Structures are given as C-alpha cells and as structure tokens.
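Quick notes on the structure that follows.
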Amino acid sequence: MAIKLNIPVLQEKPLFTAETRPQKIEQLISELKDDNPQALATHLHEELETLNRQKISPGLRLQALETYRRYLINAAQSLAEAYIHATLPLQEKAKSAAASSESLWLELGYGYKLALIDLQNQLIKLGTDKSSTLAIHRAIHAISEFAMVHYQTYVIPPSHIWSDLHQLYFCAVQLGIHNNAVESDKNKLSDALLNTIENAYKHALLMSLAEPQQLTQVDIGLINEYLTHHIKHTFISTAAPLENTTGTFMISLDSEHPPVQLSKQKNEPNPDSDVLLQTIDLIFAIHQDLKTLQNHRVPKNNSIPAGADRSNYIQLLTHLIKNWGISPKRIFNRSLKNGDIELVTGLPALHRICSDTNNPATIESASHWKILNISPTGMAIRRHHTAEKNISVGAIIGIKANNGSRWDIGFVRWANCGTRDRLDIGIQLIAAEAASAIAHVPGDVQNEQILLLPAVTAAKQAATIIAPIGTYQPARQL
C-alpha cells in the first residue's frame, strides 16, 4: 500500500527561508513580549506554516519540529482552557482558541509526515529507522491531539485523519518499527506509556470508540489520561475468523474510516488490508478498577488519581465497558419527525417553570429548537439560530411542544456541532413531569431548589430527587 498522506503543497521558490536552527528558534520565541497564549500560538503557526511549505532535508526538519513541539504543547494546553469548560455552541473566544489549537496540531502533523515521506524517498535508507520511528510516532500524536480538539468541541473530525493514521501505522509495520520506543518526557507518565507507534495508534483508535460526543469536555480528558495506563492490555492482530467477537473491532487500513465493531460487519475481514483490535483484556482491567471503586477504594495502578471523584469515575468506567466491550443494542428505532419544541436548561430555570406553569413570565428563558427524530425514550433536536448558547453534555433540560402545556424532563445525552453555530443534541427523557420543591438543610442559611420526579412503573424507575451538586452528603438530613 503506497503512502498517500494529507500534506500541503511545497512551494518551488518560497519568499522566506524557514528557520531550522534550534537555538535561533528558541531565541525568537523568547523575544515575544506578549505572554498571551494566543500570541505564541500565532507565532508558532506562522513559523510551522513557512517550514511546511518548502523543501528541507528530513534531518533539519525533524530538528526544527522537535524544538517547536515543546512550545506548541504548552500553547495548546493554555488554549484548551478557553473551551474545555464552555457551553455549546461555542462563544467567539472559545471558538477562536479551538481553531488556533486545531491549526497548530495540523501544521505539526504536516511537518512530521513530510519528514517521513522524504526519509522513505531516500535511495539509501540504511540507518533511518530511528528517524522514521520518531516521525511516525510524532505524526500520530499530532493527529490524535488534532482529533481531541474536535472531540472536546463536539465536531466530527475530518475523514483524512483516519487514512493518515492507518497509513502511518501500516508503514511502521512494514518497516518493523511499530514497537520501537521513542524518547519521552520522563516526568510525564502518559508519554512513557505511549512511547511506541503501536500504543499511540491504539490510543487514537480507542478514543474514537469511547463515543466522546456523549461525554463532557472534562471527562473526555479524564478518559484520554486513563486509557494510557491500560493501553498495554489491548493488541492488534491479523484478520482471522474468531469464535467470539466480543471486544473485537475491525480496522480497514486502506480506508478513511475509524474502527468498527466486528460483530456488526456483514462481510468477512480482508486479510490483505484489515486488522483486528482486541480489547477483552482491557475490559477485564477496567472491571477490576470499577470493582475497586465500588468498594470505596482507589486502584493502586495509578490509573485514577487519589483524590478523584469516585462516583464520576464509576460512571465513566461503566461507559467505557459498554463502548469498548459489548455495545448495547438499540431497543427502539428512531422515527423522523418535523416540529418545533421549546427548551430550557439548568435546574434554576426548570424549578421556576415547574413552580408556575400557567405564568407566561416563567418561560422567558425557553429557546426554540427543531425536532430531527424521535423515539419512545428520547429525541434528536437542532438549535434554532436565535436560541441561547448554554448547552452542555449531561445538563438537565425541560422540553415542551409549542402547543403543549407539559414540560418533559431529560438530559443532554450527546452533542454535535457544525458550522455557523449549528448544534444538534440528543436528549434522553427521564420523566414526563416534575414538581418544584425546596430542600432545607438544618444549619444552612440558604435552601436548595430541587425537582421531584415521579415513579415510572413501566420502566421500573423509582421516584427521584434532582438536586444541585453537593446537596447530598453522608449522614446529612434534608
């Protein structure tokens, strides 16, 4: 399979000569007077864009890229602070930060892919394995981080990332370097755990299979870190018939598609272009961590920080087991439906509406959405361009038909952003009505606004109280 990577067109006669000397690169960065990460990002992008548009020897290119990379990682981490806590669709500041971060990782990936192509085009390749290993590993990491920005802003990554990832991995296998280690930051454990091409590649595949559009931005980051500790429990094998396909995903190395669950494939894998990603051992390891958390302890393997929220990690690990193991089958089919609904988000707004459903003033915070499809347990809706920008995955919401009087209660199950502030969300319905109430905590001056959800006998769902985070405490009386 010939390598055909997504790279920019090189200029025959560039106006400026790219800087490749590490000391000069560091000097130019140190002379930046503005501490704003956006200014650093702009400088790095301009320099990388110049570097990636002209012919340079692979040795000098890698030397320059490794220098830029250290600063780029810090800049991207600073930029992420503007969007990993943002509501949807993104406000201009968050949108600008995400776009800058995407551009940085895209250009860095370009650079390493160009270096690899030049290395492979050399007539004499003796002694190039170390440089090729570095170029492929760094390119996969840059593409993975590029995809992470998309995940944390709920945008579907472009298809070219998959063709690039598959080709880079295939090239490494052909060269026999996919398990060679690259030098990593010894102070950062996650780098050391992903220091081979195969581990970095598997990590990128599994992050896609984690269904990040169903998670909060922060939880996407937690899973990204958690996976590094257990990536050794996954393996890639040649395509062969299996008696048990549980936790097995097929990867078509000659495609532009992410891995898919083998049990959902109608055609047999092609041994010439397909491989299998197997996660049974990974699921077993996650089960062990889950059991430890349920026993009110934290795993000793450092996969979960000592001070972490156990209940949050229990939910996250349960989510991973479903997506990396046996994916649940859809119980109900979705039906296309036209219509408009009104939506409110957040406990205070819902409390106010449920307190006085007859008062028009109580629905001032409602926004208009269009129904895309519907099922007995939920629906997919699209934001009207005038709706407020205050949606987040996991948020509690209320919805009501335009001509209806009842507010159904649900939560945001997934999100998908598009251009021009387009936002589609999936809603899981949990109650057909709710009653407002006040929770009084003895000794506290301020009462808490809560919702009372009735029992749903058909779904075997008990009556529920929805309250602000922190309301429930051990041995507390309400």
Side-chain angles (χ1 to χ4, degrees), residues 5-11 14-16 18-20 25 28-29 32 34-54 56 61-62 64-86 88-117 135 138-165 168 200 204 207-208 212 217 220-221 224 256 417-422:
L5 301 170
N6 178 48
I7 54 173
V9 177
L10 300 182
Q11 299 173 353
L15 295 177
F16 304 99
E19 184 57 70
T20 60
I25 292 171
L28 291 172
I29 293 175
L32 290 175
D34 197 339
D35 294 331
N36 186 343
Q38 190 72 55
L40 174 59
T42 300
H43 172 79
L44 291 173
H45 183 267
E46 290 174 351
E47 294 298 318
L48 285 170
E49 194 173 37
T50 301
L51 180 70
N52 293 335
R53 301 304 184 278
Q54 52 192 266
I56 297 173
R61 191 183 296 278
L62 287 174
L65 290 170
E66 286 293 282
T67 307
Y68 283 123
R69 183 174 180 269
R70 297 196 304 271
Y71 295 98
L72 187 150
I73 290 173
N74 291 332
Q77 288 173 344
S78 297
L79 290 169
E81 292 300 318
Y83 59 82
I84 61 172
H85 302 287
L88 303 174
L90 298 178
Q91 301 283 357
E92 287 306 314
K93 181 180 179 182
K95 193 183 297 185
S96 175
S100 294
S101 190
E102 283 179 25
S103 298
L104 285 176
W105 288 116
L106 185 65
E107 284 295 337
L108 188 67
Y110 282 161
Y112 286 111
K113 286 183 285 185
L114 287 167
L116 173 66
I117 290 171
R138 297 292 200 239
I140 288 176
H141 177 257
I143 295 169
S144 300
E145 292 296 330
F146 175 74
M148 270 293 290
V149 181
H150 285 75
Y151 296 151
Q152 292 186 307
T153 54
Y154 303 98
V155 177
I156 298 174
S159 59
H160 66 70
I161 73 164
W162 297 111
S163 59
D164 279 358
L165 285 171
L168 289 167
M207 282 306 300
S208 169
Q217 295 103 318
I220 294 170
N224 184 60
E256 289 188 336
C417 292
T419 57
R420 297 183 179 178
D421 285 349
R422 197 204 77 194

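Positions are given from 1, in the same order as the sequence printed here. Source: prediction; values computed, not measured.
- Using a 4.5 Å heavy-atom threshold, the side chains of Tyr83 and Gln217 count as separate.
- To the nearest 0.5 angstrom, Ile117 atom CD1 is 3.5 Å from Ile7 atom CD1.
- Side-chain polar atoms of Tyr71 and Glu47 form no donor-acceptor pair below 3.5 angstrom.
- The minimum heavy-atom distance between Ala18 and Gln54, with the atom names listed, is N-OE1, 3.0 Å.
- Using a 4.5 Å heavy-atom threshold, the side chains of Leu114 and Arg61 count as touching.
- Shown are Leu104, Thr50, Leu40; of these, the side chain to side chain contact (heavy atoms under 4.5 Å, CB included) with His45 is made only by Leu104.
- Between atom CD1 of residue Ile140 and atom CG of residue Leu168 there is a gap of 5.0 Å, rounded to the nearest 0.5 Å.
- Asn6 is not listed as a side-chain neighbour of Ser163, based on a closest heavy-atom distance of 4.5 Å or more.
- Once rounded to the nearest 0.5 Å, the distance linking OG of Ser208 with CE of Met148 reads 12.5 Å.
- Ala139 and Gly109 make their closest contact through CB-O, 4.5 Å (heavy atoms, listed as atom of the first residue, atom of the second, distance).
- With respect to Glu107 and Arg53, a salt bridge is recorded, a charged nitrogen being found less than 4.0 Å from a carboxylate O.
- Looking at heavy atoms from C-beta onward, Ile161 lies out of side-chain contact with Glu256 at the 4.5 angstrom threshold.
- Inter-residue side-chain proximity for Asn74 and Gln77 is flagged as met; some heavy-atom pair is nearer than 4.5 Å.
- Side chain of Ser101 to backbone of Ala97: no donor-acceptor contact under 3.5 angstrom is found.
- In plain terms, the two heavy atoms of Trp162 and Ala204 that are nearest each other are CH2-O, 4.0 Å.
- Using a 4.5 Å heavy-atom cutoff, the side chains of Ser96 and Gln38 are in contact.
- Under a 3.5 Å cut-off, the side chain of His43 and the backbone N or O of Ala39 do not form any donor-acceptor pair.
- For the pair Leu5 and Leu116, the tightest heavy-atom approach, listed with the atom from each and the gap, is CD1-CD2, 4.4 Å.
- Here Tyr68 contributes atom OH and Leu48 contributes atom CG; the two are 6.5 Å apart, rounded to the nearest 0.5 Å.
- Rounded to the nearest 0.5 Å, atoms CD1 (Ile56) and CD (Glu19) are 9.5 Å apart.
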Note to self: Run the side-chain contact (heavy atoms from CB on, under 4.5 Å) test on Leu90 and Cys417 for me, step by step, so that the C-alpha distance in whole Å, both residues' side-chain angles and the decisive distance to 0.1 Å come before the verdict.
What the structure shows: CA-CA 9 Å; Leu90 298 178; Cys417 292; 5.8 Å; no
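- Here the straight-line distance linking atom CD1 of Ile25 with atom OG1 of Thr67 works out to 5.0 Å at 0.5 Å rounding.
- Two residues are said to be in side-chain contact when any heavy atoms from C-beta on lie closer than 4.5 Å; Pro157 and Tyr151 meet this criterion.
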Next item on the list: Could you walk me through whether Trp105 and Ile73 pass side-chain contact (heavy atoms from CB on, under 4.5 Å), step by step?
Entry: CA-CA 9 Å; Trp105 288 116; Ile73 290 173; 3.9 Å; yes
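- Side-chain contact check for Leu62 versus Tyr112: some heavy-atom pair is nearer than 4.5 Å.
- Other residues, nucleotides and ligands place no more than 12 heavy atoms under 6.0 Å from the CD1 atom of Ile156.
- Closest non-hydrogen pair, Ser100 versus Leu79, comes out as CB-CD1, 3.9 Å.
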Check: side-chain contact (heavy atoms from CB on, under 4.5 Å) between Thr153 and Lys95: does it pass, once the steps are laid out?
Finding: CA-CA 9 Å; Thr153 54; Lys95 193 183 297 185; over 6 Å; no
